[in-house]
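Structure record follows, encoded as structure tokens.
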Amino acid sequence: MLIEGQPTRTIWPAADGAVEILDQTRLPHEVRTVRLTTLDDAVMAIGTMQVRGAPLIGVTAAFGLALAMSADPTDSNLLAASAALVASRPTAVNLAWAVQRTMADLVPLASPAREAAAWAMAVRMADEDVAACRAIGENGAEIIAKIATSKKGERIHVLTHCNAGWLATVDWGTALAPVYVAQERGVDLHVWVDETRPRNQGAALTAFELRHQGVPFTLISDNAGGHLMQRGDVDLCLVGADRITARGDVANKIGTYLKALAAHDTGVPFWVAAPLSTFDFSLESGLDEIPIESRSPREVTHMWGRLANGALAEIETAPTGSAASNPAFDVTPARLISGFITERGRHAARRESLNALRG
Ligand code: MRU
């Protein structure tokens with residue numbers, strides 16, 4: 001998608017054997033590219049959230065394995081690299097999926113063949129992610145088109161949480177892809193953007209990408225969504241996912257569950273957009289079985305942003321020494337979800353419909 005009118009991806013292989021990423025810890029204030037040259041760089045980029053979003057961390061892990069194989073293609077390094085990448089963030093299953101898929105390709109190969117195969121796999125995964133997200137956009141745009149018809153062309157208001165746009169993938173995004181495709185088709189749209197404390201992915205990233213894409217949006221505090229839904233100011237909620245179980249429970253950014261509850265109470269459709277790589281058919285109960293990442297309390301007691309003098313800085317917002325807890329994701333049960341949008345189509349949030357997506 002676009003930054004200052006220039007088509008941009010979130011990750012790409014550089015000509016000299018490195019990998020380049022957009023550093024998402026500096027957005028929206030600074031557009032900075034970072035070079036990854038080692039496995040440790042890739043693990044660090046995922047852990048510090050220079051790259052984030054379920055599909056993007058999966059693709060970054062694939063490039064991390066390619067960097068590891070360029071350095072040392074032995075069995076022991078392949079195993080150590082895989083373990084380090086899988087441990088870098090626990091909730092989004094796309095990470096383990098990408099590592100397992102790459103391992104299945106590389107393990108049977110003799111060591112000298114692994115470097116080229118790992119790079120080819122990473123590039124293929126990046127391109128497949130773009131194609132899957134574009135297809136999600138087309139499948140989701142049909143939901144928006146139906147609402148546009150029922151509203152007789154009046155402006156449609158979509159509410160989204162966190163960032164599940166192109167910055168969370170290689171390009172296009174998941175929850176925002178239908179918005180971008182609908183925009184291409186001339187639908188009059190406006191997006192309510194939850195700020196998404198504590199790391200503010202909505203304010204920093206979703207607002208950034210919508211602005212550069214020319215989609216009208218309004219930033220709201222995390223607590224405003226229910227109020228807007230009660231007033232009839234939201235036509236549709238669209239969110240992404242980090243892991244979806246066999247019965248359709250969804251782990252996504254902390255706060256998603258509260259939006260789903262409000263949507264259910266007010267009759268607003270609540271759709272989850274995700275590629276097949278986000279489904280984990282080995283799990284049933286999201287609440288009992290999905291590992292929820294716990295991040296630093298400092299993300300809750302402090303905020304990061306730009307000062308009036310232009311400098312980027314962290315400020316403290318709570319009394320020094322306050323105890324704080326920081327679960328990064330929550331689980332929305334299937335019963336609160338209107339349906340899933342994947343690259344294969346739209347599916348009811350029920351085991352029987354999701355079963356068709358296995359394998
Ligand atoms: O902690 P983050 O920023 O990686 O969390 C991202 C989300 O929760 C997204 O909604 C999810 O990964 C889907 S991204 C297409």
Side-chain angles (χ1 to χ4, degrees), residues 1 10-11 21-25 27-28 45-61 88-98 129-130 132-137 140 159-180 193-209 222 237-244 250-260 270-280 286 290-296 299-300 304 326-332 337 340-343:
M1 303 300 278
T10 52
I11 189 166
I21 57 166
L22 271 183
D23 180 356
Q24 301 195 23
T25 62
L27 293 173
I46 295 170
T48 61
M49 295 178 61
Q50 285 180 318
V51 286
R52 30 66 54 202
L56 178 55
I57 60 179
V59 172
T60 306
S88 60
R89 287 195 80 190
T91 302
V93 74
N94 310 60
L95 186 52
W97 170 87
D129 185 67
V130 177
C133 288
R134 172 73 204 189
I136 287 170
L159 182 141
T160 193
H161 190 67
C162 192
N163 172 260
W166 71 269
L167 291 168
T169 64
V170 178
D171 207 349
W172 286 101
T174 59
L176 292 186
V179 168
Y180 294 137
V193 177
D194 286 351
E195 63 174 344
T196 319
R197 279 286 289 149
R199 287 186 66 101
N200 291 320
Q201 287 95 327
L205 305 177
T206 300
F208 174 87
E209 56 170 272
D222 283 330
C237 293
L238 277 174
V239 300
D242 288 83
R243 197 184 292 230
I244 302 166
V250 169
N252 192 49
K253 181 53 54 192
I254 192 80
T256 303
Y257 170 54
L258 290 176
K259 295 299 169 289
F270 189 93
W271 284 82
V272 175
L276 297 183
S277 53
T278 304
F279 286 79
D280 183 347
I290 297 178
I292 299 294
E293 178 179 11
S294 184
R295 294 189 63 85
S296 167
E299 293 181 351
V300 179
W304 184 90
N326 189 10
F329 299 93
D330 61 22
V331 172
T332 300
I337 295 167
F340 292 98
I341 309 163
T342 74
E343 61 270 45

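Whatever order the structure lists them in is the order used to number ligands and atoms, beginning at 1. Note that the structure is predicted; figures quoted are calculated from it, not measured.
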Original post:
Only one of D194, T206, N252 clears side-chain hydrogen bond (donor to acceptor under 3.5 Å, both in side chains) with H161; which?
Top reply: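 Going through D194, T206, N252 one by one, the side-chain hydrogen bond (donor to acceptor under 3.5 Å, both in side chains) with H161 is satisfied by D194 alone.
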Between [Y] and [X], is there a side-chain heavy-atom distance shorter than 4.5 Å?
X	Y	value
W97	L276	no
R52	L167	yes
R199	K253	no
D242	I290	no
I341	L238	yes

Part of [X] with heavy atoms under 4.0 Å of ligand 1, whether side chain, backbone, both or neither:
X	result
R199	neither
A164	both
H161	neither

What residue and heavy atom of the protein are closest to [atom], and at what distance?
atom	value
atom 7 (C) of ligand 1	D242 OD1, 3.4 Å
atom 13 (C) of ligand 1	A241 O, 3.3 Å
atom 15 (C) of ligand 1	T174 OG1, 3.0 Å
atom 10 (O) of ligand 1	N252 OD1, 2.6 Å

Looking at ligand 1, would [X] count as a contact under a 4.0 Å heavy-atom criterion?
X	answer
P55	yes
R89	yes
N163	yes
G173	no

Shortest non-hydrogen separation from [X] to [Y] and the atoms involved:
X	Y	result
P198	I254	CD-CG2, 4.4 Å
Y180	W172	CD1-O, 3.6 Å
T169	P55	CG2-CG, 3.7 Å
F279	A274	CE1-O, 4.3 Å

**OP:** Mark yes or no for whether T91, through its side chain, and P291, through its backbone, hold a donor-acceptor pair below 3.5 Å.
**Re:**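 Side chain of T91 to backbone of P291, a donor-acceptor pair under 3.5 Å: yes, one is there.
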Original post:
Between G240 and ligand 1, does any nitrogen or oxygen pair lie at a separation below 3.5 Å?
Top reply: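 By distance alone, the answer is no.
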Original post:
Any N/O of T169 closer than 3.5 Å to an N/O of ligand 1?
Top reply: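 N/O-N/O distance under 3.5 Å: no.
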I need the atoms of ligand 1 closer than 4.0 Å to a non-hydrogen atom of [X], numbered in the order shown.
X	value
Q201	1 (O), 2 (P), 3 (O)
C162	5 (O), 6 (C), 7 (C), 8 (O)
K253	1 (O), 2 (P), 5 (O), 8 (O)
A168	14 (S), 15 (C)
G53	4 (O), 12 (O)
M49	1 (O), 2 (P), 3 (O)
A54	12 (O), 14 (S)

**OP:** Assess the side chains of N163 and Q24: does a donor N or O sit below 3.5 Å from an acceptor N or O?
**Re:**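 There is no such pair (donor and acceptor under 3.5 Å, judged by atom type) between the side chains of N163 and Q24.
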